[in-house]
Amino acid sequence: MAENRTHAEAAEEFLKDEERTHWHDDTLWHVRTKRDTAAQKLPEWEVLRENASQIKEYVLSHLDELLIQFENNATANGVTVIWAKNAQEHNDHVYRILQENHVKNLVKSKSILTEECGLNHFLEAKGYDVVDTDLGERIIQFNHQVPSHIVMPAIHLKKKEIGDIFHKHLGTDAGADDPQYLTEAARLHLREKFIQANAAITGVNFGIAETGGFVVCTNEGNADMGTHLADIHIACMGIEKLIPRAADLGVYLRLLARSATGQSITNYNSHFHRPSPGKKMYIILVDNGRTEQLGREDFRNSLKCIRCGACMNTCPIYRRSSGFSYGSTVPGPIGSILSPGIDLKKHSTLPFASTLCGSCSDVCPVKINIHEQLYKWRQVIAKEGNPEPAKKWAMKLAGKVLGNPTLYNIMGKSARTALKLSPNSLIYTRFNAWGKKRDLPEVPKESFKEWYKKNRTND
Amino acid sequence: MTSREQILEAIKKYKPAATGLPEHLSYPTLEVDQLIGQFQQSSMLNGGKTIVIKTVEEVSSYLQVHFDKQLQVVSLIPELQGTLDITKILDPHDLEAVELAVLRGTWAAAENAAIWMPEENLVHRALPFIAQHLAVVIESKNLVRDMHAIYEKIKVDEFGYGVFIAGPSKTADIEQSLVIGAHGPRSMTVFLVST
Ligand code: SF4
C-alpha cells in the first residue's frame with residue numbers, strides 16, 4: 001500500500017476524485033452525528049467515559065498481574081493460552097495450530113490485530129485460503145485491499161464498485177449495485193464457507209481477567225457463525241484488551257457501539273469461556289510493540305483504545321484523505337499516535353496529519369488525550385531528526401488538501417464545526433462534570449486559510 | 001527467556017504507578033411501563049420487533065400466522081411445539097435448514113434491547129445464528145434498565161458460552177445502507193410477556 005509515501009502523497013491520490021472525497025467526508029460526518037445523538041441520550045455518558053478511562057488506567061498499571069490471572073482462569077476453563085512477542089511469533093503459532101489440527105478451510109472474523117500482524121498474507125503464502133467473513137472485509141479482500149477504516153473497512157468504495165467486484169467474484173448481475181441484492185449474494189457465498197470451515201479465527205474486544213473469558217462483538221453474527229460451526233477457535237488478542245472484572249463490560253459495551261456508529265449496542269455480543277465438548281479453543285496473547293508503548297509515559301494512554309473508530313469519523317483530515325493515506329493498519333488520529341511507536345521513521349508524517357483541533361479527544365470513549373499526544377510526537381520527531389521534512393510535509397498537506405478551493409472551504413468548515421459543535425454540546429450537558437473544568441482546547445481564532453498563509457510566509 | 005517471561009518482564013519494568021478501580025456503576029430502575037416502552041424503541045432501532053403479550057400461549061398463535069408451518073421450527077419453550085427436536089441433533093451443521101428458532105431470554109436491558117442468553121437457553125451455540133429467523137420470549141419482570149443491572153445478576157462464566165442478542169443479523173458495509181440478514185437471522189421478534 002502506501003508504505004513509502006507520506007500521508008500527503010497518499011492523500012493526493014484520494015483527493016483526485018472530488019466527488020468521492022465529498023461523499024466520504026459527508027458519510028463519516030453523518031456517523032459522527034449519530035454518535036452524538038446516542039451519547040446525548042445517556043445522562044451518564046461522561047461518567048461512563050471517566051469510568052472506562054479509569055478502569056483501563058488500572059489495567060495498564062496492573063497488566064502483568066491481570067494477564068497471569070487471565071491465563072490461569074482461561075487455562076482452568078480448558079482454553080490453550082499462548083504468548084507471542086511479535087507478529088511473526090503470532091503468525092507462526094496460528095500456522096502451527098492449523099497444521100496440528102489438519103485444518104483445510106478457515107474463516108476469519110474482523111480482527112485488527114491479525115491485520116497488524118499481516119496474518120492473511122502469511123497464511124496465503126503457506127497455501128491457505130483465508131476467508132474474511134465480515135462483509136466489508138470480504139469486499140476489500142476480493143479487491144486486494146486492506147481496511148481503510150477499523151469499523152467500516154470498505155467505506156472508501158462506492159456501491160457501483162462493489163457491484164463490479166461481486167460480479168467478478170460471485171457472479172452477480174453486471175451493473176447490479178443494490179446493497180440488499182449484493183448482501184444476499186455474499187450471504188449465500190459465505191454460508192457455504194461457514195459450513196465448510198474447520199477453524200475460525202476471531203479477534204477479541206475484551207478479555208476478562210476475573211473469569212478467563214473473552215467477548216467478541218459483531219452486528220453480522222459472522223464471528224459466531226464461524227466459531228460455532230468449526231472445531232477449532234483461535235482468538236487473537238492484544239495484551240491491552242484486558243478488563244479486570246466481568247461487570248466492567250457494562251461500561252464498555254454501553255460505550256463501544258454508541259461511539260462507533262451511534263447504535264445502542266452491537267446486535268451480537270458473545271462471551272466465550274469454554275470450548276464446546278470435543279472442540280478446541282486457543283487464545284494468542286500478542287505484544288508486538290505494546291509493552292514498549294507502555295514504557296513511553298507520554299504515549300501509554302493510547303493503549304486504552306477500544307477501537308471504536310470515533311476519532312476517525314470526527315477527524316477533518318481523516319474524512320478528507322481516507323484511511324489509506326495513513327499507510328498504517330490503524331489509520332486516523334489513534335493510528336497516528338500508535339504507528340510512530342512501531343516505526344517512527346516510516347510513520348513520521350502521521351502526527352502532522354492533524355489540525356490539532358482536539359475533536360478526537362472529545363469523542364474518545366476512554367478519554368485518550370489523542371491530540372496532545374499528536375503534538376508530543378511532533379516534538380519527538382523534531383528532536384530526533386530533521387524537523388524540516390515534517391514541517392515541509394505540513395505545508396504539503398495544506399497545499400494538497402487546501403489547494404482546491406472547494407475542498408478547502410469544506411474542510412475548513414468541518415474542522416471548525418467539529419470543534420465548535422461537539423465540545424459545546426458536551427460541555428453544556430447538565431451531568432458533565434468534566435465539561436465544567438473547561439479543559440478543552442480553545443477554538444483557534446484563525447481559519448485554516450490564515451494558518452496556512454502565516455506558515456507559508458514563515459517557511 | 002520465553003516470550004511469556006519477556007512480556008511480563010517488560011510490563012513489570014514499564015507499567016505506571018498503580019491506580020485504583022472505580023466502583024461498579026448502578027442506576028435506579030424505572031417503572032415497568034417505561035422499561036417496556038424503552039425496550040420496544042431500542043429493539044426497533046436495532047432492526048428488531050417487539051410484541052407485548054399477556055400469556056406465552058399467544059406466541060404460538062402469532063407464529064402460526066406469520067411463519068410457514070412446512071418449514072423447520074426449533075422451539076425451546078414448552079408452550080410451543082417445534083418440528084425439529086434439537087436434542088436429537090449432534091452436529092450443529094444439521095441445523096442449516098432451520099427456518100425459525102424460538103428461544104427463551106434470561107435478562108433484557110431496556111436501554112438497548114440486548115437479551116442475555118446463556119448456553120443452556122440455546123442447546124447448540126450455533127442455533128440463534130444459523131436460523132433464518134429468531135424469536136425470543138422474555139418476561140417483563142426480567143427487564144431491567146441497563147447493562148450494569150444485568151451484569152450484577154449474571155455469572156458470565158456459569159456456562160461455557162453466553163450471548164447478548166439485540167437484533168437480527170445486519171450490516172451497513174455497502175455505502176452505509178442498512179441491510180438486515182447479513183449471515184444470520186433475517187428477523188428478530190421479541191415476545192415480551194407482561195402480566
Ligand atoms: S482512540 Fe478512542 S476514539 Fe479513537 S478508536 Fe480508540 S477508543 Fe475510539
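Only this structure's heavy atoms are used, side chains among them; waters, hydrogens and symmetry mates stay out. Reminder, nothing fancy here: chain letters follow the sequence lines and each chain counts from 1.
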Between [options], who has the most heavy-atom pairs with chain B when the cutoff is under 4.5 Å?
| options | value |
| --- | --- |
| A/Cys217, A/Ala246, A/Gly250 | A/Gly250 |
| A/Arg296, A/Gln263, A/Lys158 | A/Lys158 |
| A/Leu285, A/Ile68, A/Asn77 | A/Ile68 |
| A/Leu229, A/Asp177, A/Thr218 | A/Leu229 |
| A/Glu65, A/Met281, A/Glu71 | A/Glu71 |
| A/Asn51, A/Thr211, A/Ile55 | A/Asn51 |

Could you pull out the closest heavy-atom pair between [X] and [Y], with the gap in Å?
| X | Y | answer |
| --- | --- | --- |
| B/Pro22 | A/Arg245 | O-NH2, 2.9 Å |
| A/His273 | B/Asp157 | CD2-CB, 3.4 Å |
| B/Gly167 | A/Tyr268 | O-OH, 3.6 Å |
| B/Pro16 | A/Leu60 | CD-O, 3.6 Å |
| A/Tyr58 | B/Thr19 | CD1-O, 3.0 Å |
| A/Ile265 | B/Ala166 | CG2-CB, 3.5 Å |

- Message: Between A/His271 and B/Val156, is there a side-chain heavy-atom distance shorter than 4.5 Å?
- Response: yes

Distance, nearest 0.5 Å, that separates [atom1] of [X] from [atom2] of [Y]:
| X | Y | atom1 | atom2 | result |
| --- | --- | --- | --- | --- |
| A/Arg191 | B/Glu96 | CZ | CD | 7.0 Å |
| A/Asn219 | B/Lys170 | CG | NZ | 5.0 Å |
| A/Trp83 | B/Gln6 | CH2 | CD | 12.0 Å |

- Item | Which atoms of A/Leu67 approach chain B - backbone, side chain, both or neither, heavy atom under 4.5 Å | side chain

- Task: With a 4.5 angstrom heavy-atom cut-off, could you sort out which part of A/Ile139 is near chain B: side chain, backbone, both or neither?
- Result: side chain

- Message: B/Glu111 vs A/Arg258, test: salt bridge (Lys or Arg N to Asp or Glu O under 4.0 Å). Steps then yes/no.
- Response: CA-CA 12 Å; B/Glu111 63 157 329; A/Arg258 287 182 171 98; 2.8 Å; yes

- Message: B/Ser169 vs A/Met225, test: side-chain contact (heavy atoms from CB on, under 4.5 Å). Steps then yes/no.
- Response: CA-CA 11 Å; B/Ser169 167; A/Met225 279 293 274; over 6 Å; no

Quick check against the 3.5 Å criterion: does [X] have a side-chain atom that pairs as donor or acceptor with the backbone of [Y]?
| X | Y | value |
| --- | --- | --- |
| A/Thr291 | B/Ile7 | no |
| A/Asp224 | B/Ala126 | no |
| A/Arg300 | B/Tyr14 | yes |

- Task: Identify which part of B/Gln41 has an atom lying under 4.5 Å from any heavy atom of chain A, answering side chain, backbone, both or neither.
- Result: neither

- Under 30°, 30 to 60°, or over 60°: which ring-plane class applies to B/Phe129 and A/His228, parallel, tilted or perpendicular? tilted

- Task: Select all residues of residues 178-195 of chain B having any heavy atom within less than 4.5 Å of some heavy atom of chain A, and report them by number, or 'none'.
- Result: B/Val179, B/Ile180, B/Gly181, B/Ala182, B/His183, B/Gly184, B/Pro185, B/Arg186

- Query: So A/Glu44 and B/Tyr27, side-chain contact (heavy atoms from CB on, under 4.5 Å) or not? Walk me through it.
  - Reply: CA-CA 9 Å; A/Glu44 63 265 35; B/Tyr27 295 92; 3.2 Å; yes

